[in-house]
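By convention in this document, chain letters (A, B, ...) are assigned in the order of the sequence lines, proteins followed by strands, and residues within each chain are numbered from 1.
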Amino acid sequence: MSAIDANDLLNTIWIVPALPLLGAIVLLFGGRRIGDPRSGWIATGLLFAAFIWSVVMFAALLNLPEESRHNTVNLFTWLEAGALKVDLGFLADPLSIIWILLVTGVGSLIHLYAIGYMHTDPNFGRFFAYFNLFAASMLVLVLASSFLVTFLGWEGVGLCSYLLVGFWSERRRASTASVKAFVTNRVGDFGFMLAMFFIVGALGSLDYAAMSSKAAGMAQSTATAIALLLFLACIGKSAQIGLHIWLPDAMEGPTPVSALIHAATMVTAGVFLVCRAAPFFERSGDAMTVVAVFGAITALLAGTVALVQPDIKRVLAYSTISQLGYMFVAAGVGAYSAAVFFVLVHAFYKATLFLGAGTVIHGTDDEQDIRHLGGLRKYLPFTGVAFIIAWMSISGVPPLAGFWAKDAVLASAFYAGNYFVYAVGLSAVALTAMYMGRETLLVFFGNERFHPAVSAAGATASTTQVLETTAPEPLVAVVTEPQRAHEHDATASPTVDFGTDPSPEHLSGNPQEGTRVMIVPVLILATFAIFAGLLDLPFTKLEFLNAFLEPVFAGFYTPEPTSFVSALILDVVAVLVVGIGIWIAYKTYGKGLDSTKPDPITKRLGRLGRLFGNAWYYDKFVSAAVGGPIRKASQWLSDVFDLKVIDGAVNGVAHLVVVAARNMRRIQTGLVRQYAIGIVLGTVLLLLYALALVGG
Amino acid sequence: MNLAAQTPSIDWLAIAPVIALVIAALVIILLRSIVRHARWVYGASIGIGFAGLVAAALFLTCQWSEVSDSGPFLTLDDMVAIDGFAVFIGVIVLIAASLALLLSSKYLARQGIESRPEYVALLLLSAAGMLVMSTANDLIVVFVALETLSIPLYVMAAYDRRRARSLEAGMKYFVLGAFASAIFLYGIALVYGGTGTTSLSGIADFLASVTLLSEGTLIAGIMLLLVGLGFKIAAVPFHMWTPDVYDGSPTPVTAFMASATKAVGFAALIRILFTGLDLYRDDWRPAIWALAVLTLVVGSVVAIAQTDMKRMLAYSSISHAGYVLIGVEAGTREGLQSALVYLLVYAFMTVGSFAIVAVIGRRDDKHLIEDYRGLGRDRPVLASLLALFLLAQAGIPPTGGFIAKLGIFAAAADAHSYSLLIIGVVASVVGAVFYLRVILVMFAGADEESDIPAADHSRVDGPTTAVLALCAAFTIWFGVLPTIVLEFATKAQLIF
Amino acid sequence: MKLTDTYFLTFAAMLFTIGAVGFLVRRNVLVMFMCVELMLNAVNVTFVAFSKSLNDISGQAIVFFVLVVAAAEVAVGLAIIVAIFRRRRGGATADDIDLLRG
Amino acid sequence: MMSDLGFPILTALIATPIVGALAVLCTPSKRPEISRAVAILTAAATLGFALWLLAEFEAGVGGFQFVEEARWFDALGVGYIVGVDGFSIFMVVITALLFPIGMVASANIGRRVKEYMFWFLLLEGAIMGIFLSLDLIAFFVFWEAMLVPMYFLISGWGSAKRAYASMKFFIYTALGSAFLLAAIVALGFLHQADTGLLTFDYRVLAEWDGLAGGTEKWLFLGFMAAFAIKAPLFPFHTWLPDVHTEAPTAGSVVLAGVILKMGAYGFLRFSFELFPSASVYFAPLIMTMAVIGIVYGSIVAAMQRDAKRLIAFSSVAHMGFILLGIFSITVFGLDGAAFSMVSHPLTTGSLFLVIGMLYERRHTRDIDAFGGIWRSAPILTTLFMIAMFAGIGLPGFSGFIGEFLSILGAFIAHRWWGVVATIGVVLGAVYMLWMFQRVFTGVPNEENAKVKDVNLREIAVVAPLLLISLFIGIHPSPVLDRIEPTARRVINNFEQKTDYGQPDADRVPSPSEIAEEKEKIEQYDTEGPSSPHEDVPK
Amino acid sequence: MSEVVIFFIMASIALCAALGVVLARNPVHSALLLVTVLISIAVLFIIQDAQLLAAVQVIVYAGAIVVLFLFVIMLLGVDEEESLAEPVTAQRPVAIVLGLVVLAEVLFLAGHQWATGAQQSRGSLQAGDGGNVERVARSLFTDFLWPFEVTAVLLVAAVIGSVVLARRSNKPTIDDEVETL
């Protein structure tokens, strides 16, 4: 295959997003008719076809000489106004190809899993329509040849996230969480849009090509502004500290959604954007430090919160936030390929974890509280194995994939000289090992706390109902429905599920292992979670990924190990930290939990436990602000300012005229002599004017 | 003794319209005194009345062609000025008189009013006085004409003698009218003292040739003249009779008063100010400005608080006077034209409105706006016509009212009277409030079952139908294709 | 002391004022008419005085028209009053005639 | 340059609805279906003309096309002049589109159908006149005449407080128009005083350059009074919620879709070219008010309990974007505003139509009375959702293009206004999604569970709007290509008549610059990124 | 000098009588005082060279108009004393103040030089043949021919109007109000 052929082939890259888009359209209109399993297979099949095509694209790209491994195909001019011209174009370069492989590959597996998971859902077809639409949007996002097209995908994935989180629309918490997710993301989009405006202002174009060629020559302050604004978008999309509050709530969506969108792909779009817009970050310098520090702090804080969460998916959600922090650390210190590496690896093990959690939930009649589970590896052998592998991988146990990825990030931070970030990241590693250990041990090991025999109270209400009625109201609900929020005053705390003591639920029968369509993807992903490290081992010859990505980040400074010894020392330190984490988890939870007693970790942490459990009270603070002063101010604007002041001014003027009319009408007494007074008065005034004329 | 030799030359064409009307009136009176109780006398008098009006109109046409061909002229020792302006006002007067006569023809019988033939005669005599007024080139003629047109109106206002309201209207109109006339007359006296003549052209010549060192007498006189004329055109603060008199008078009389009297009042005002006191333009313009502002504001605002249809229309007619005053204030040729056009369009709009009021009026002679509730449902055509006239009065395009107002505003802009322009446009919005309220009552109130008894919706008689058709046709026609009338007005210039 | 027109005119103005004020303060319609007559007479004096000082005959001629008008007005005005009295006996008080107002 | 069809198509656009209205008047009252059919046919014919016009309209021409001229009344220098350019062409098409849709959507109007259709068609004729007139007086005639049918529509077929609403609408907007009339008249006569020619021909007056600065500002304010109220610009918006709430569905659609645009159109068409330096002078003020309107409208919208009121306030916010774009005085901003003027009718129209359908089913607009509609009426919900996302400016829908370009223009011209306006984009999602959540999600109560899903007619009413929105959202060039030459013409006018210069980023590069640019990119394509720069992070 | 005396006497009488017209309780007294005013003015006319007018003043005004007044007063039987109490608050002081202001304004405006007009614009008072009567008559029939003719119309209208209004009606009145009038 010659180079020209490869370019021609790459010009068909639009097929990759087109396939799932086609699926989305077909299923949106015909999903109901096509029916339960078939829609799922269509969606999965189309996405898998897209994966195949992505592989073809990958091959085509590899066929190009390294320095010209980028190909832009413009489908048509999207927006042409003034000096701005934006084509709907797709850029194929190593970065985007890696990403589409990830999206289509992991996506296909999760699609497959969802066929089993969503089985018997009344809106099965619609679910897959949204799922496919998400895949298409995500592919557009990463394949885009310009910021605006990326933004198209960016908003598209936000939309799909909204639709999927709120998929079970009759659940109030789900719909609220979906709104929260969308709105919080929009806050980030604020940054994205402003960044685009800045870019148009500075470069006159939104194309990545223009960025690459011109960013280096632009003013540093502008670059910093652009980079920070873009990072704001990333904070929103990737749930970094400040705008992270939507992600835990987004767990209200079906579990495959959490796996695909809120773990593997969409949330990593922020990392993608930082990599894609690296020229700005590089030009700025300061912005990179911000990114790294932000990432490190996020990694640490989210880890602390994950430590005490009782909900199986929320632990994973905070874990995701934390892991995303690592990715930004990597990007922030200039180790872009490490960031991408981490994204890939994280996708594998986090998807495994989520799907595993989904199987657990699915198999235990929607039980999500890890304190009510335990010993499940007996009942869910495959899932259990996969989950444990993923736990090991995420914790960074060598030689699983997670170890390499985490090591690459931390080492880069260290080599970049950012020791603060390194230290914070390292402590987060310990936390990761601890909370994942806690979760895995509580779910798959120890005593079986779900069993009716063990149940102390023997409550009859089903979990879903409990969730519906007594669950704390999420943030947005506080704003929209204060009266309802007051109904649950006792539990009207923010989104963080924390503090309710174990109250075992009743489960009829034993937990069920998932069907085959659910097990297979989990196992495949678990396999990747073991071996994905091979993609980019820290040995010069084995840095496949790094080498592949090299052309994209060519010219940027990359932190490199100063010596083999230092690298080794760092590795050892990391492994030690991981070991400590796992050891603590095992000491605490190895034997399961006594369901009549509170979670031991809260006791051990004391006040800190409450702080962590309430997610540093950040959600509470936001709720209080939005539900309190902001809501009051808005209400005042609406009820007082608009109605009384502005409308009041309008109606007041009208009223004044009417009052004047009534009063003037009263002068008309019907008495003819008074009318004559009017005439004389007029005469007096006219003569007065005459006097003024003559006298003046 | 040699008197005959010095009688002034008489251009009979100049006074022929007046004579036609007077003769018609006299014939009616004669007929009435000869055949006292025959039923046909009233019918015949209406016929004679129309004959007189048509004859007058024909003479006016002749005058128009005369003026167009050989220019305007003065006659009867400069007492009578025949110019385009006079003819235009004459046309308005004749149109108003004809419409009022049409309206009255069945109304009088329906209301059981006596002495109907005399009514026709008085209408004609009043119209004759108006024609005199429109051509008057001497303050004395203005005064005499003013009385000639007013005295029949006083009587006609009180014509429904069995109703206290009608009598009260006549009484108030008369008492205040006499009072205002006395002031007006004092004004004439002072102007006479100031200039030595009462002839408008004489005054103009005098002022042009002499620079007055002491102009106090003259200016005081001018102001008093403004009082007298302000009363006739119902300018604030000389307007207070208007609502009461319009309310109490028989509705066709109100229509006639509102349309024709206002027109000739303005005719006299314009002629005095433009012809006689042209040099004092800068002095009288602020006075007119103040009158216009007061009239616009009071007329528009007080109308909002009215609950009676006729009173509401009375206040609206006051505000219309304000618009015409804007045109007068401009003091330009354009201002004059716009005032003329406005008066013409206003005549149709207001007569149309009162025609409907005359039909809808209840037996007890009140005209509450509430009585119109549901009219849109019961009498859609009538309600639509009233809506049309009201919208036209509000100046909403594409009715004639808009073009008329546009002309006024254009004149103000042309004369740089921006303050009046602004006040005028705002007043027109305030005015829209009360017109719309009536429309709202008629249409929006149609669905609700109201316990207010439906007004006495009598059948619309033929002549009234004709009036409504004419008024509506003109209102729309002028709104859409105003060229002909506007060109007519362009030619209707004052002699000086 | 020469008798100038100022005397007459000032006198006329005073008479006019008395008439006007009388019109405003009296409630009897007939007396109100008489006050209007006072005003008209004041105007007549004015015309005559001006006629004299301007040495112009027209001032005197005009007074005739005023007289005629005054007579006609009185005739009609009194007729109206008679008509009102026909309808309702009682004092000729202007203040009582106030059906129309507002 | 000037296209000529040999057929007075613009007059046909104005006259067809009016003639149709008269025809409707002649139909028997007792056979409403005949009135309805005549009316819909008329509106469809008008749409046909509009589409023909669109097809014949020459893209790439900034000036007026299809100009027809006739004398009207010379005494006041008034003529009948009609013409279209890039700004008006789409307003005409949108008007022609929304009216038949509104009529079809008015199937629930059961009483006095004849009158309803009569007024509706008259309204269409008047609005066409507004967008086509090139004579200021003729423009004003249509501008003011439009009030009457709208007044009758609201007061006759509105809901409970219709009397108040219709009166407020009429008086408040007429008050603004009053100043417009004063300014028009004054302008015409100032021109006459300067040149001796009395005319209200927009093209002539736009050419004229003899206004003193102070006068120009006053006249601008006069025009602004009308346009700002109609648009409505904060704080002149309070008539809008009341009127929207009370108006019948089709009335709301037209009101939000077209009538609000008249204000923005007025600024674009008249204020800019007649008073360029005053426009520049007042631009910051108006941009400030527009930005306040964006944020304020969004916040207040969020607090509404009445669904139509909420959308009304959203219109305040959206009009804020449009006005912001206009007064950025950049090609971006004008493009964006003019594009939004096409897009907003589509989205807000759809929203009003769907809310109207809900109202027909539940007879309430109280948001809290709804809930769980998704289960009972999924297709209706889907329609609403699409309209909602189109409305909040999701890329891919038309709303985004308009908002993006408007804010971009504002950002380039006055950075901080752009920043605040962008906050409005965030807020836009807030209120719409909350409303969606409250109305459509959750478990329906007994009454909401009985809500019927939309029928085919109702889908047919909304779907075209959404499809067009989607189409021009993905492929906006057909619209932008026609708008932009006119936008450039206006900007050029600014640059010629005032010392205004548009920001660099918005200046279209010269061919040589473009070539240079291309070279650079090609260079990058072949050689990769340029050499690393110095300040590398540690 | 004697003219001055006559003027002051007559003017004082006229003003006092005029005040009497306004202040008299009985309308008959007012009418009689009005006659006094009219006659005093007739005297003033004589010293102003308006002999014809003086005569006409006495004949028409005093003889006809005031008699008409008296006639109506008697006819209607309203010749009793009436209260001069003022029911309308402030009407009286306002009227007096306004009246005085008008007077002051006129005097200020015109006072220092009343007659500023052209001399003899329509013929002199003294020149020409014939006496005052003839000269006035000539002016009436030449200069003022047209208003003179119009007054004929005016009088016709007044006659018709008076007759119509004063005629006794045989139809019942309409009680359109609670009978206040």
Peer 1: Determine the interplanar angle of the B:Tyr342 and B:His320 rings, folded into 0 to 90°, and report it as parallel if under 30°, tilted if 30 to 60°, perpendicular if over 60°.
Peer 2: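 It falls in the tilted class, 30° to 60°.
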Peer 1: Report yes or no: does D:Glu68 contribute a side-chain atom to a donor-acceptor pair with the main-chain N or O of D:Leu10 at less than 3.5 Å?
Peer 2: yes
Peer 1: Is B:Phe409 close to chain D through its backbone or its side chain, or both, or neither, when contacts mean heavy atoms under 4.5 Å?
Peer 2: both
Peer 1: Please work out which of the three classes, parallel, tilted or perpendicular, describes the rings of D:Tyr116 and D:Trp157, given edges at 30° and 60°.
Peer 2: perpendicular
Peer 1: Is it the case that the side chain of B:Arg285 and the backbone of B:Glu329 share a donor-acceptor pair, with hydrogens and angles ignored and the cut-off at 3.5 Å?
Peer 2: yes
Peer 1: Between B:Gly352 and B:Leu468, which heavy-atom pair has the shortest distance, and what is it?
Peer 2: O-CD2, 3.7 Å
Peer 1: Walk me through whether B:Leu390 and B:Leu313 qualify under side chain to side chain contact (heavy atoms under 4.5 Å, CB included).
Peer 2: CA-CA 9 Å; B:Leu390 293 177; B:Leu313 287 172; 4.2 Å; yes
Peer 1: Determine whether B:Val345 and B:Phe474 satisfy the following criterion, side chain to side chain contact (heavy atoms under 4.5 Å, CB included), listing intermediate values before the conclusion.
Peer 2: CA-CA 8 Å; B:Val345 178; B:Phe474 182 83; 4.0 Å; yes
Peer 1: Report, in residue-number order, which members of residues 129-151 of chain D are under 4.5 Å from chain B by heavy-atom distance.
Peer 2: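 Within residues 129-151 of chain D, the residues that come under 4.5 Å of chain B (heavy atoms only) are D:Ile137, D:Phe140, D:Val141, D:Glu144, D:Ala145, D:Val148, D:Tyr151.
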Peer 1: Centroid separation under 6.0 Å, is that true for the rings of D:His191 and D:Phe189?
Peer 2: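 So the answer is no for these two rings.
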Peer 1: Without swapping roles, check the side chain of B:Thr483 against the backbone of D:Trp72 for a donor-acceptor pair under 3.5 Å.
Peer 2: yes
Peer 1: Using heavy atoms and a sub-4.5 Å threshold, report which of residues 425-438 of chain B line up against chain D, by residue number.
Peer 2: B:Val425, B:Val426, B:Val429, B:Ala432, B:Val433, B:Leu436, B:Arg437
Peer 1: Using every non-hydrogen atom in the two residues, find where B:Pro72 and B:Asp83 come nearest and quote the distance to one decimal.
Peer 2: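 That closest heavy-atom pairing would be CB-CB, 3.5 Å.
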Peer 1: Can you label the angle between the D:Phe223 ring and the D:Phe227 ring as parallel, tilted or perpendicular, going by 30° and 60°?
Peer 2: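 Geometry flag for D:Phe227 against D:Phe223: perpendicular rings.
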Peer 1: Is D:Phe73 close to chain B through its backbone or its side chain, or both, or neither, when contacts mean heavy atoms under 4.5 Å?
Peer 2: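 Both backbone and side chain.
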Peer 1: Contact part of D:Glu115 toward chain B, heavy-atom cut-off under 4.5 Å: side chain, backbone, both or neither?
Peer 2: neither
Peer 1: Donor-acceptor check, side chain of D:Lys217 to backbone of D:Ala278, threshold 3.5 angstrom: yes or no?
Peer 2: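 Not a single qualifying donor-acceptor pair exists.
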Peer 1: With chain D as the partner, which of B:Thr490, B:Ile484, B:Leu406 has the greatest number of non-hydrogen pairs under 4.5 Å?
Peer 2: B:Leu406
Peer 1: Please check if the side chain of D:Lys114 supplies one atom and the backbone of D:Thr27 the other of a donor-acceptor pair under 3.5 Å.
Peer 2: yes
Peer 1: Do you know which of D:Asp74, D:Ile184, D:Leu181 has the most heavy-atom pairs with chain B at a distance under 4.5 angstrom?
Peer 2: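 Of the candidates given, the most pairs with chain B belong to D:Leu181.
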Peer 1: With a cut-off of 6.0 Å (strictly less than), are more than 12 heavy atoms of other residues, nucleotides or ligands near CH2 of B:Trp289?
Peer 2: no
Peer 1: Which bit of D:Leu180 is near chain B, if near means a heavy-atom gap under 4.5 Å: side chain, backbone, both or neither?
Peer 2: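 Neither part; nothing is under 4.5 Å.
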Peer 1: Please rank D:Trp218, D:Phe152, D:Phe170 by heavy-atom pairs under 4.5 Å with chain B and give me the top one.
Peer 2: D:Phe170
Peer 1: For D:Ala163, is it the side chain, the backbone, both or neither that has a heavy atom under 4.5 Å from a heavy atom of chain B?
Peer 2: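 Answer is both: backbone and side chain atoms of D:Ala163 are under 4.5 Å from chain B.
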Peer 1: Given heavy-atom pairs under 4.5 angstrom as the criterion, report whether the side chain, backbone, both or neither of D:Leu76 touches chain B.
Peer 2: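 Only the side chain of D:Leu76 comes within 4.5 Å of chain B.
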Peer 1: Using heavy-atom distances under 4.5 Å, tell me whether D:Ser177 contacts chain B through its side chain, its backbone, both, or neither.
Peer 2: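 Neither part, no heavy atoms under 4.5 Å.
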Peer 1: Heavy-atom count check: over 12 atoms from other residues, nucleotides or ligands less than 6.0 Å from D:Leu197 CG?
Peer 2: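 More than 12 heavy atoms, drawn from other residues, nucleotides or ligands, come within 6.0 Å of this atom.
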Peer 1: If you count heavy-atom pairs under 4.5 Å between each of B:Pro397, B:Ala394, B:Ala413, B:Ala387 and chain D, which one has the most?
Peer 2: B:Pro397
